[in-house]
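Okay, so here's the structure we're looking at.
Everything numeric here is computed off the predicted structure, so don't read it as measured data. Within every chain, numbering begins at 1; the chains are lettered A, B, ... in the order of the sequence lines, protein sequences first and strands thereafter.
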Protein chains: 2
Amino acid sequence: MKRTSRDIRVANRFEVLRRILGAGPVARQEIAADTGLSLATVSNLVGELLQADLLEEVGYQDSGGGRPRALVAVRRSAGMLAGVDVAETYVHVEIFDTALRVLASVEEPLHPSQESSPAQIVAHIVSSLRAAADRAGVGPEGLMGVGVSVPGQIDRAGGVSVFAPNWDWHDVPLRAQLAEHIGVPLYLDNPLRAGVLAELWFGAGRGRDDVAVLTLGTGVGAGLAVRGQLYRGATNSAGEWGHTNLVMDGRPCRCGSHGCVEAYVGAPGIMARLREIAPDSPLLRPGDQTATIDALASAYHAGDPVATAVVAETARYLAVAIADLINILNPEVVVLSSWVAAKLGEPLLARARALLGRHALSRPLANTEIVLCRIEGNPVSLGAATFALEGYLERIGGQVTAAATRPRGHRR
Amino acid sequence: MKRTSRDIRVANRFEVLRRILGAGPVARQEIAADTGLSLATVSNLVGELLQADLLEEVGYQDSGGGRPRALVAVRRSAGMLAGVDVAETYVHVEIFDTALRVLASVEEPLHPSQESSPAQIVAHIVSSLRAAADRAGVGPEGLMGVGVSVPGQIDRAGGVSVFAPNWDWHDVPLRAQLAEHIGVPLYLDNPLRAGVLAELWFGAGRGRDDVAVLTLGTGVGAGLAVRGQLYRGATNSAGEWGHTNLVMDGRPCRCGSHGCVEAYVGAPGIMARLREIAPDSPLLRPGDQTATIDALASAYHAGDPVATAVVAETARYLAVAIADLINILNPEVVVLSSWVAAKLGEPLLARARALLGRHALSRPLANTEIVLCRIEGNPVSLGAATFALEGYLERIGGQVTAAATRPRGHRR
DNA sequence: ACTGTTTACTCTAGGTAATGCACGAAAGCG
DNA sequence: CGCTTTCGTGCATTACCTAGAGTAAACAGT
């Protein structure tokens, strides 16, 4: 692992921009105090970002007798980024401004049975990206970068979908295929990693070193961050928490193994539990996970005993699985994300919390914050766009150091 | 996580010394090629280490017509380090030379029922350290540093044993108490972290980024390394793999939970299995884990069906638990260490390997090497001494750059 | 208005690191 | 005794971060 001083610079650049994004208009002094960097360095980095037109000075803050503090904020019109979330049943594209606020979004459905070839998926990505960019008033070539999240295992550096079980893809050079249609920098990765990036920049992971972001949806997994940076593992497939063991020789899992976490706390697992508890329940919508989870959520809030039993039992499994993660990784914060967490997260987490003490070691547990994802909109497309933002930040800067902000044009 | 250029320097210093320790006498050129550092930088770092007397030039290598390459090696007489492994039933001290070869070792037994106060343990550490240093021909004050591994959770920076379940210690300021008797730098941590440090410097973890070292003994746990560095987690308690779930509502574990990995693959767990399979087996030595595991090992090699069944069943559990770790962490290498692995590791690993494919995802599994610990002697005291070595390396250097090795005193 | 005070920012110098390049060192070869 | 080859190191350069000096922009009291 070759480390260079450039890495420090880039990390500091990330950090400064993150603070500004998180705190809105903010003074240099405050950034310096928060990051522990010297004021000179912050001033330098801010100058760099100002010159790159990513920031602007937006006002002044009285400082009680002295020179007022200039407040810097992200120049939202500096450019646009796109984040693409490709899932089994849809392609979701969002266009963001440089403050990562959604400007436009487009979703196209996918029909898993008929649409599974790379060419078809690529066509959907390209067409929905064009449509979204159009709505945001920019040509696709005007974007600063595009991040794409696709399920499965990704060779990020090569831009290759190494293996996507849902479409049975093997070594599909997705980035190259997309590059034929899109002439801006492309970043490919998977939803777990996009999710953790979104939390690190905009969610509960801000300013934290060690983070686990649990994706609770149809599939289940964890995105991990270590020392403030996304952790990928040896082959970019760390975080497959959904396929760790929960019950020896338990339910079969779609991964081929038995007793995986996913088989118990993923949406199909929850449906199976509902079927076990009440085979004829009207809450059960065969073939429709979303509707079933929705029905469970509203029945739970209405006090329905079947829904309560399903939630309680699911929380029992979830608690054990979260405890495992806490014991192994000792993270500062664990975030529950994705659609099952959005719909059922609150009762699941409340009940799981009460059980965690039975399984997690008490000291790591006491030092771990467990929260629901608070990011509005789709964290995966946000995270994908953040890959593009990071890529852009890595490219800027260099020889720019001196006298970047000379003409101030101050009031009066 | 504040990163500074000093960290880079220290990391490079570690890396260079690691190569020299691993490869024996080696030329600067080779180090540069291996590490990717420029020859100038390597020369600079080597000069620094030469001036600190940690290295010496030991010979020359013909280079076919040109100036011969000078070979540098560790000057083993440069000083001594101590590593202390404190366990439930013994205190084991080893004195090492600067190449981390054992010069002397002393072991004192502990009687857990009578000796559990910090003062008693400290007395044992101090007395055995004095005895060992004496055998190595050095006063305890002549050591370059002492690393101490004690079980439980450690506040490394503060040198405090935060919690040690076996002695029911809470917040014992062990380093301060030891410092009253030992006037050299002291480093406190736990066996999991010592074990992974030993593997990173001297074992299967050399040159690897992401490593998991499994400790299979009475207790079970994992030491983790990420990006080539020990991973501690938020409160220095990452790696408690032994207390992750293997069987929902399974065997009670001494941690208070149920169904933990430790309860199935730790030595007491293996004994319990033997008792289940053959309650009257002569292999069973009640109250003596070591003898029982020894008996199992030799019976296994003699083809005994009971021992075979016990090993096979244990391997089933071990395979699942290792698969979990591979799926979550995607490490490059997994090392099986500690005394159960030493005695029974070969058959356990052979059988577990055959089962791993059923539980671990195939691509991460295919990229993970799983090996037995090849370190001779006690990896925990070696790792503890390595903490002291790292501390020493962090302190040296600074203004030393110029003309360090001028008088060469070349042959002829 | 003027002067001092306070606070914010920037510039310069200095320290640390890595590295490319050139030159001296140390061989072998004719 | 040059000539060639290959090492190793000093020096200059570049790229970081930081302390501290200096400058800018306010306010307060004469």
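When the nearest nucleotides of DNA chain D are assigned to A:Ser5 and A:Ala40 by heavy-atom distance, the more 5′-ward of the two goes with A:Ser5.
Proximity of B:Arg28 to the phosphate of D:dG8: a side-chain N or O atom is located under 4.0 Å from OP1 or OP2. Side-chain N/O atoms of A:Arg67 include none lying less than 4.0 angstrom from OP1 or OP2 on D:dC27. At the phosphate of C:dA17, neither OP1 nor OP2 sits under 4.0 Å from any side-chain N or O atom of B:Asn12. Between B:Gln29 and D:dG8, a side-chain N or O to OP1/OP2 separation shorter than 4.0 Å is present. Contact annotation: A:Arg9 reaches the phosphate of D:dC17 (side-chain N/O to OP1 or OP2, under 4.0 Å).
Taking 4.0 Å as the cut-off between side-chain N and carboxylate O, A:Asp189 and A:Arg156 count as a salt-bridged pair.
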Checklist line | CA sep, side-chain torsions, deciding dist, call: B:Asp62, B:Arg69, salt bridge (Lys or Arg N to Asp or Glu O under 4.0 Å) | finding: CA-CA 7 Å; B:Asp62 199 72; B:Arg69 300 177 164 182; over 6 Å; no

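Computed from coordinates, the B:Ile8 CD1 to D:dT14 C1' distance equals 14 Å when rounded to whole Å. Taking atom CG of residue B:Leu39 and atom C1' of nucleotide C:dC21, one finds them 12 Å apart after rounding to whole Å.
Across the helix from C:dA1-D:dT30 to C:dG30-D:dC1, the helix axis at one end is tilted relative to the axis at the other end by 30° (nearest 10 degrees, each axis from five pairs).
Nearest to the side chain of B:Pro68, among C:dA26, D:dC17, C:dC9, sits C:dA26. In this structure, the nucleotide among D:dG8, D:dT18, C:dT19 sitting nearest to the side chain of A:Ser38 is D:dT18.
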